[in-house]
There are 2 protein chains.
Amino acid sequence: MTVTLADVAARARVSPATVSRVLNGNYPVATSTRERVLRAVDELDYVLNGPASSLAAATSDLVGILVNDIADPFFGILAGAAQTAIGEGTSGRAGGEKLAVVCNTGGCPERELTYLTLLQRQRAAAVVLTGGAPEDPDHLTAMAAKLGKLSDAGTAVVLCGRPPVSGGAVTATLAFDNRGGGRRLTEHLVSLGHRRIGYVAGPTERTTTRHRLEGHRAALEAARAADAASGGAGAAGSAPEDQERLTIHGLYDRRSGYDATLELLRRDPGLTAVVAANDTVALGACAALRDLGLRIPEDVSVAGFDDLPFAVDAVPALTTVRLPLHEAGVRAGRLAMGREAPPPGGIATIGAELMARASTAPPRKDSPRTTIPISSGCG
Amino acid sequence: MTVTLADVAARARVSPATVSRVLNGNYPVATSTRERVLRAVDELDYVLNGPASSLAAATSDLVGILVNDIADPFFGILAGAAQTAIGEGTSGRAGGEKLAVVCNTGGCPERELTYLTLLQRQRAAAVVLTGGAPEDPDHLTAMAAKLGKLSDAGTAVVLCGRPPVSGGAVTATLAFDNRGGGRRLTEHLVSLGHRRIGYVAGPTERTTTRHRLEGHRAALEAARAADAASGGAGAAGSAPEDQERLTIHGLYDRRSGYDATLELLRRDPGLTAVVAANDTVALGACAALRDLGLRIPEDVSVAGFDDLPFAVDAVPALTTVRLPLHEAGVRAGRLAMGREAPPPGGIATIGAELMARASTAPPRKDSPRTTIPISSGCG
DNA sequence: CTGTTAGCGCGTTCAC
DNA sequence: GTGAACGCGCTAACAG
């Protein structure tokens, strides 16, 4: 029923080994022989048996790319770039082709491990982990162990947009400078004159969330110190207690931005700016402000993170922090394929660039609001 | 070095066959024996060898989900839903777990076939093809043949958001009513009084593009007929020649919407509405109009398609056509796993619902513009 | 450059 | 309910 390598060999009047060599192209074969074999392959419409060849070779051409949320363009761009970089190795017919494949963990630690096990089971050639990692200690050790085993089994492990793992059994790590980006973003707001700034953070126990928030707080802290030194006016709102009160955690989605912004303004109607964990959340924040009848940036400034394609199309255009997602994805793919040398120390930090746009401006000069308008409702 | 089934068997003092039976859970095994085996598995930290088991069983637990553009939330939502539905079969430890995996074709026919071959090679349990299909005749036959072979090899083939394939060797087809949705959308504009409507279409030779455009044209044609019957005023702009002139093809991205809108207004400064191939393109169209100093919807109405999450956050909120992406993805996943009966005839059409929002309104009553404002520049 | 020979690790008959 | 043997289809040494 199903055509095997032996059938092709018989038709081409060569040995199975020769057919294998032609198909894998990793061994010298006479041109005439190769042509004969390829013709037989076409005539018989032969398709290599992946499992059999993986079994014999003790490695497969599967490459897994793990993402936290496949519906989020942040991961789509990263994964697409990596997948392209991985696929573009050898041209022509499907030989030497890697099967680059993306797995959606939903940010769930268990699913992350499950996928890794599944990939390990398939003897994957490489694994690329993207985006922020859960910070639960147990999960961290479990991950370090799992990555170590993958490494031992010959699977290349690349981290992209994810902080280094302690174990270190990793081929390469491409970390985003989330802390620096977060800091520069809030410094920008501070320099515009903002002091009462609300922060809509991502899920707790996620590295990305923590790092961006830390950058934000560092900038506020610096501003407070500077304000105090220079006479103290306007320092209200950046005291540590306030920072805690003006931070709300939620998912990385628009809903979270919407709800949290409403709540932030309830807690402090005098807020002059809202910083969101990412652009999608920022969009939700904008929607909430509009529904409250507040103008952006005249009444409240808004900023995001990532600089996804839609950020520039927001109205007003969103101030955010640009992460070179495409470039990072490509590099991760090449690293996974061993087509690029790992950075010194195995770790590279990728810069985050402030994109100041129209959604941020100096705060209103007049006295701060003490009440907020009636909501006009929205979901 | 690597732990095998035999090692586990030895440790548990049973035969390899018994271990296999425990792991696959498809055969009666005494409880005490099972526990002993499972303990040995844990102690040895054994991971099944996927290729070996696929080879022996002549089937694998890999399920491929093909998407045209992984960076587009349209596909992200679809794929995420399908992946979840596929994964949630069996709980607990990774046994019976399917490895649902998404492959990014970039809408490129060759890569589509390559991925299918790669999946065929892996003896994938199922394949889900999502979104519009290329319409090149050669590719169509090649696809039909390839899907036929996959089917023959026992791979379930499910189409989701993609029109039925002629060959018919497909487990189930979930088609979106793109034509109906497109028609209702333009009917909405017509009923508001629009007659000079620009259309920013997707890539040519793509089913989705064609169907949405056909719906649009059908609505315009109907309007023209009605106008003619009722006295004829205002029918300008919907004559077939004009329709051709007022249609511009491009990619499904914001850039395309931006550029095409500029060009459309150059061709007909009196345009009162722009319909975009999807929401992302519509966002680009909005940006172009804003940069031209035109107001939405007062000067020009804009509409999209898909109702992606950001559509409601656009300013003004985008009129669009809602496709139940999540539901469709879940259903596709269940169909692929044989966990749901295929619809009668194997084909189900999924409805598309008009979402009339603030980006569309009646056209201005005063005389049509004949020139357009100076562009303020943008990218 | 090409053929021959052994397994790769597991699922699946069969017997018991 | 359990064990023994065989073979899935291919690649990787070796020879030649």
Side-chain angles (χ1 to χ4, degrees), chain A residues 1-38 40-41 44-62 94-96 120-125 153-154, chain B residues 1-38 40-41 44-62 94-96 118 120-123 125 153-154:
Chain A
M1 176 57 221
T2 143
V3 183
T4 75
L5 216 176
D7 298 330
V8 176
R11 195 155 198 343
R13 315 178 136 274
V14 294
S15 74
T18 300
V19 177
S20 171
R21 295 194 262 252
V22 170
L23 261 29
N24 291 303
N26 49 7
Y27 221 81
V29 174
T31 312
S32 63
T33 314
R34 186 204 327 289
E35 283 175 358
R36 204 142 35 89
V37 169
L38 290 180
V41 166
L44 262 34
D45 205 23
Y46 170 70
V47 174
L48 195 65
N49 184 318
S53 99
S54 296
L55 174 57
T59 169
S60 82
D61 53 6
L62 196 69
Q120 179 183 11
R121 202 182 263 192
Q122 302 294 331
R123 304 303 190 247
Chain B
M1 177 59 223
T2 143
V3 183
T4 75
L5 214 174
D7 299 328
V8 176
R11 196 155 197 344
R13 314 177 136 278
V14 294
S15 73
T18 301
V19 177
S20 169
R21 297 196 259 251
V22 170
L23 261 28
N24 292 305
N26 48 9
Y27 219 80
V29 175
T31 312
S32 63
T33 314
R34 186 203 330 286
E35 284 175 356
R36 208 142 33 90
V37 169
L38 290 179
V41 166
L44 262 34
D45 206 24
Y46 170 69
V47 174
L48 194 66
N49 184 317
S53 96
S54 295
L55 173 57
T59 168
S60 83
D61 52 6
L62 195 71
L118 254 16
Q120 179 182 10
R121 208 181 258 194
Q122 301 295 329
R123 306 303 189 247

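Below, chain A is the first sequence line, B the second, and so on; all start at residue 1.
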For residues 4-11 of chain A, tabulate all N or O donor-acceptor pairs below 3.5 Å that involve a side-chain atom, not counting sequence neighbours.
unit_1 : atom_1 : unit_2 : atom_2 : d
T4(A)  : OG1    : A6(A)  : N      : 3.2
D7(A)  : OD2    : T4(A)  : N      : 2.9
R11(A) : NH1    : E43(A) : OE1    : 3.0

As a test of reading the structure: which of dG7(C), dT2(D), dG9(C) is closest to the side chain of A56(A), going by heavy atoms? dG7(C)

Rounded to the nearest angstrom, tell me the gap between atom CZ in R36(B) and atom P in dT2(D). 8 Å

Tell me: CG of D61(B) to P of dG11(C), nearest whole Å? 11 Å

Closest nucleotide among dT2(C), dC1(C), dT11(D) to the P28(A) side chain: dC1(C)

Considering only heavy atoms from C-beta outward, does the side chain of L23(B) approach that of V41(B) to under 4.5 Å? yes

Protein and nucleotides 3-6 of chain C: nitrogen or oxygen contacts under 3.5 angstrom:
unit_1 : atom_1 : unit_2 : atom_2 : d
dG3(C) : OP2    : S15(A) : N      : 2.9
dG3(C) : OP2    : S15(A) : OG     : 3.3
dG3(C) : OP2    : T18(A) : OG1    : 2.8
dG3(C) : N7     : R21(A) : NH2    : 2.7
dG3(C) : O6     : R21(A) : NH1    : 3.2
dG3(C) : O6     : R21(A) : NH2    : 3.4

Rounded to the nearest Å, what distance is computed from the OH atom of residue Y27(A) to the P atom of nucleotide dA12(D)? 10 Å

CA sep, side-chain torsions, deciding dist, call: Q122(A), D61(B), side chain to side chain contact (heavy atoms under 4.5 Å, CB included): CA-CA 10 Å; Q122(A) 302 294 331; D61(B) 52 6; 3.2 Å; yes

Between T31(B) and A57(B), the residue closer to the 5' end of DNA chain D by nearest nucleotide is T31(B)

Return the set of residues passing side-chain hydrogen bond (donor to acceptor under 3.5 Å, both in side chains) with T33(A) (not counting sequence neighbours), or none when no residue passes. none

Comparing L48(A) with S32(B), nearest DNA chain D nucleotide closer to 5' gives the residue S32(B)

Could you tell me whether L55(A) contacts a base, only the sugar-phosphate backbone, or nothing, with contacts defined as non-hydrogen atoms closer than 4.0 Å? base

Between dG9(D) (P) and Q120(B) (CD): distance, integer Å: 14 Å

dT11(D) phosphate, OP1 or OP2, under 4.0 Å from S20(A) side-chain N/O: yes

Salt bridge (charged side-chain N to carboxylate O under 4.0 Å, His left out): pairs with one or both residues in residues 44-54 of chain B, sequence neighbours excluded: K149(A)-D45(B)

Any side-chain N or O of N24(B) below 4.0 angstrom from OP1/OP2 of dG11(C)? yes

From CZ of R123(A) over to P of dT11(D), roughly how many Å is that when rounded to an integer? 17 Å

If you look only at distance, which donor and acceptor atoms sit under 3.5 Å apart when one is on a side chain in residues 48-59 of chain B and the other is two or more places apart or in another chain?
unit_1 : atom_1 : unit_2 : atom_2 : d
N49(B) : OD1    : A52(B) : N      : 3.0
S53(B) : OG     : G50(B) : O      : 3.4
S54(B) : OG     : G50(B) : O      : 3.0

Expressed as a whole number of angstroms, how long is the span from Q122(A):CD to dG9(C):P? 15 Å

Expressed in angstrom and rounded to an integer, what is the separation of N49(A) atom CG from dG9(C) atom C1'? 14 Å

Checking contacts here: which listed nucleotide (dG9(C), dT11(D), dT12(C)) is nearest the side-chain heavy atoms of N26(B)? dT12(C)

Which salt bridge (charged side-chain N to carboxylate O under 4.0 Å, His left out) pairs, counting each pair once, include a residue from residues 15-27 of chain A, with sequence neighbours left out? none

